[in-house]
Structures are given as structure tokens and as C-alpha cells.
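Have a look at the structure below before the remarks.
Any value given below was found using the heavy atoms of this structure, including those in side chains, with hydrogens, waters and symmetry copies removed. For clarity, every value in this text was computed on a predicted model and none was experimentally measured.
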Amino acid sequence: MSLTLDTYRLLGRSGLRVSPLALGTMTFGADWGWGADTDEARKLFEIYVERGGNFIDTASMYTKGSSERLLGKFTCDNRESLVLATKYTSLRRPGDPNSGGNHRKSMFASVESSLRQLNTDYLDLLYLHVWDFLTPVEEILRGLDDLVRQGKVLYVAISDTPAWQVSRMQTIADLRGWSPLVALQIEYSLIERTVERDLVPMAHEMGLGVIAWSPLAGGVLTGKYGHADLAEQPVTASREGTRKDLALAQGHLTERGLAIADVVKEIAAQLGKTPSQVALAWTLQNPDVTAPIVGARTSAQLEDNLGALDVAFDAAHLARLDEASAIDLGFPHEFLARNRSAMFGGLKVETR
């Protein structure tokens with residue numbers, strides 16, 4: 001059955017309804033050298049919303065604040081019908097150590113800045129953006145809960161954090177009666193499947209909806225790169241530069257990545273779809289994924305991405321994609337899988 005942007009899904013352990021594809025706005029603004037200007041960004045926003053989309057993803061530091069500021073202009077007429085998600089953590093003022101991090105001072109200041117830039121009284125969803133390995137979890141959780149009690153934030157979530165830490169935080173929140181985490185934003189694609197080891201199963205058990213960033217692996221799964229694009233020297237990760245540099249630095253543009261992209265192109269040709277649509281649709285096959293994030297720079301790219309909602313795989317297609325992108329789950333997962341029959345004495349025990 002085909003999906004549509006108004007085939008809404010519940011976000012984790014909440015009653016919040018969101019679209020099955022989120023609109024990523026890291027491309028809103030040309031401050032990093034490769035984004036969409038104001039007019040093109042408005043077109044992207046309007047296409048998404050007119051099709052029934054309601055889930056908008058941004059962050060305090062995207063395109064040096066331009067992403068939030070543009071959204072503040074675009075959402076002035078329909079703010080209530082949208083689910084606006086932003087993030088805090090990244091340094092906002094060079095040289096000021098407290099203008100970034102997971103701690104309470106950074107959290108509250110970043111939220112106030114986001115409220116001003118987004119021209120809104122509240123945030124629907126606030127993510128801790130990146131784990132800093134410094135701040136006590138109780139400080140973070142109590143700060144998030146205080147923001148919810150103040151009405152400045154409705155739901156809280158987390159991104160790019162070890163699974164054991166997220167599960168610990170969710171348990172503490174439950175025991176203390178603090179606002180629970182409702183979503184986990186992680187990188188997930190045919191090229192990046194290591195999150196299937198612990199992060200995705202943890203999200204399932206702990207009631208967090210999975211929001212997948214970079215489902216096209218930095219553009220590698222669109223099929224636009226070839227072996228000639230592989231770098232001979234290491235590339236330093238930076239958001240400012242070319243998209244190819246970023247794909248190289250993040251480890252997407254490799255021999256393995258290109259091999260997976262070739263299989264995606266083969267299946268796309270068989271289905272009469274584009275590689276982007278096939279790669280995005282694959283993430284939607286996972287029942288634990290609430291919404292992949294699509295981050296287009298042009299209207300044509302966004303229209304193409306939205307076509308992923310119409311892709312229908314058969315078992316052979318999924319098996320081929322799984323074979324091409326399979327990973328070793330490692331210990332204890334592989335060990336338990338090998339020894340399951342012995343542990344249960346030959347009994348057939350179903351797993352989810």
C-alpha cells in the first residue's frame with residue numbers, strides 16, 4: 001500500500017502524529033556554500049506542506065541559524081498545524097565554552113534562541129543533538145522536564161548518543177516521573193546499518209520512534225558518485241565545502257558504499273523508480289522507523305524524494321538489498337543467534 005505525507009504515524013511513546021517523511025532543513029540557507037536560497041527554500045517548504053507534510057526538522061546551528069530564521073518566516077500562517085523539531089548542543093559563540101554542550105545553561109539559552117529565530121512560543125520537539133560525555137544525565141533530564149513544565153517544549157528527544165546511555169536516561173525519567181524521551185534521531189541507511197546492533201532494538205524496547213538522518217548516505221545512494229570520486233587522501237569533516245567532501249569525510253563514499261549504490265541502481269531500474277526513491281523506501285520497511293529525513297536542495301530533488309512513498313518491493317528485492325548491505329552484528333548478537341536452538345532445547349521460539 002502506498003503511503004502519503006498525510007498517512008500520519010505516532011511518534012514513539014506519545015500521541016503526537018507526524019508524517020512518514022520529515023522535511024530536513026539543513027539545506028535552508030546558503031551559509032555553508034551548498035544550500036538553498038530563500039526563494040528555493042520557501043518552495044521546498046510549500047511543496048512539502050501542500051502534500052500534507054507536517055514534520056519539520058531543524059537545529060540551532062544549521063546554516064549558522066538561517067534554517068531556523070527562514071522557518072520562522074515560512075510558518076507564520078500555519079504554525080499550529082506543524083510539528084517543529086529543533087536541537088541544542090553545538091557551540092553558538094566561538095570562545096564561550098558554555099554556549100554549547102548538553103548542560104542546563106546551554107540548553108536553556110539555545111531554546112530561547114530557537115524560539116526567537118523560529119518566531120514561536122513553543123517547540124513541539126527538542127532533541128539533545130550530540131552527546132558530550134560530560135554532563136550528568138540527571139541535569140539533562142531535569143532541565144528538559146523543566147522546559148516541558150514551562151510550556152516552552154512539548155516533547156523531548158535525543159540524537160547521536162550511545163544506546164546504553166539513552167536506555168539509562170529513559171529509565172531514570174520513568175522512575176523520577178520526568179518527561180520521557182519520545183524519539184531517537186540516528187544515522188540510518190543501506191550504507192550505515194550498524195545502528196541495528198543496539199540503537200534500533202533499544203528504541204523499540206524503550207518506546208522511542210526512530211528518525212533516520214542521512215538515509216541517502218550523503219548522496220552516495222542517489223548514484224551520482226563513481227570510483228573517480230574516491231579520495232586518495234583523508235578528508236576532514238566539515239559542513240562548509242562541497243557535498244562530495246562531506247560524503248568522503250563521513251565515510252559514505254567508499255568502495256563498499258559504491259557497491260551498495262550499484263545494487264540500488266539495479267533495483268531502481270527494475271522497479272522503474274530512481275535510486276533515491278529505492279534507498280529511502282528501504283528505510284521505511286523497518287517498522288521501528290517512524291520517519292526518514294529528506295533534505296533536498298531543489299524542488300526537483302524533493303519531488304523525487306517524495307516518490308519513495310510509492311515504492312513497493314517484493315521479497316526478492318529486499319533480500320538483494322539486505323545481502324548487499326549486510327553487517328556483522330557482533331557479540332553478543334551473533335553468538336546468541338548461533339546458539340539459540342541449543343539454549344531452548346530445540347523448541348521453536350519466535351522472535352520479533
- [ ] For the residue pair Phe335 and Phe331, categorise the inter-ring angle as parallel (less than 30°), tilted (30 to 60°) or perpendicular (more than 60°).
- [x] tilted

Open item on the list: To the closest 0.5 Å, what do you measure between CG (Leu125) and CD (Gln185)?
Closed with: 8.5 Å

- [ ] Would you mind listing every side-chain hydrogen bond (donor to acceptor under 3.5 Å, both in side chains) that reaches into residues 35-45, with sequence neighbours excluded?
- [x] Glu40-Ser299

Open item on the list: Looking at every non-hydrogen atom in both residues, tell me the closest pair between Ser189 and Leu221 and how far apart they are.
Closed with: CB-CD1, 4.1 Å

Task: salt bridge (charged side-chain N to carboxylate O under 4.0 Å, His left out) partner of Glu112, the single match among Lys152, Lys105, Arg92 - done: Lys152

Open item on the list: So Phe28 and Glu68, do their side chains get closer than 4.5 Å, heavy atoms only?
Closed with: no

Open item on the list: Among residues at least two apart in sequence or on other chains, which ones pass ring-ring contact (aromatic ring centres under 6.0 Å, His included) with Tyr188?
Closed with: Trp282

- [ ] Return yes if some donor-acceptor pair links the side-chain N/O of Ser67 with the main-chain N/O of Thr63 below 3.5 Å, else return no.
- [x] no

- [ ] Cation-pi check, Arg79 to Tyr122: give yes when NZ or CZ is under 6.0 Å from the six-membered ring centre and within 45° of the ring axis, no otherwise.
- [x] yes

Task: ring-ring contact (aromatic ring centres under 6.0 Å, His included): pairs with one or both residues in residues 149-170, sequence neighbours excluded - done: none

Open item on the list: Is the ring pair Phe133/Trp131 parallel, tilted or perpendicular, if the boundaries are 30 and 60 degrees?
Closed with: perpendicular

Task: For Phe45, ring-ring contact (aromatic ring centres under 6.0 Å, His included) partners two or more places apart - done: Phe74

Open item on the list: If hydrophobic residues (ILVMFWY) are linked whenever their side-chain heavy atoms come closer than 4.5 Å, directly or via other members, who joins Ile327 in its cluster?
Closed with: Leu329

Donor-acceptor contacts, no H, no angles, side chain residues 173-180, under 3.5 Å, sequence neighbours left out:
from: Asp174; atom 1: OD1; to: Arg13; atom 2: NH2; distance (Å): 2.9
from: Ser179; atom 1: OG; to: Asp145; atom 2: OD1; distance (Å): 2.9

Task: Test item: Leu91 and Asp96 side chains (from C-beta on) under 4.5 Å apart, heavy atoms - done: no

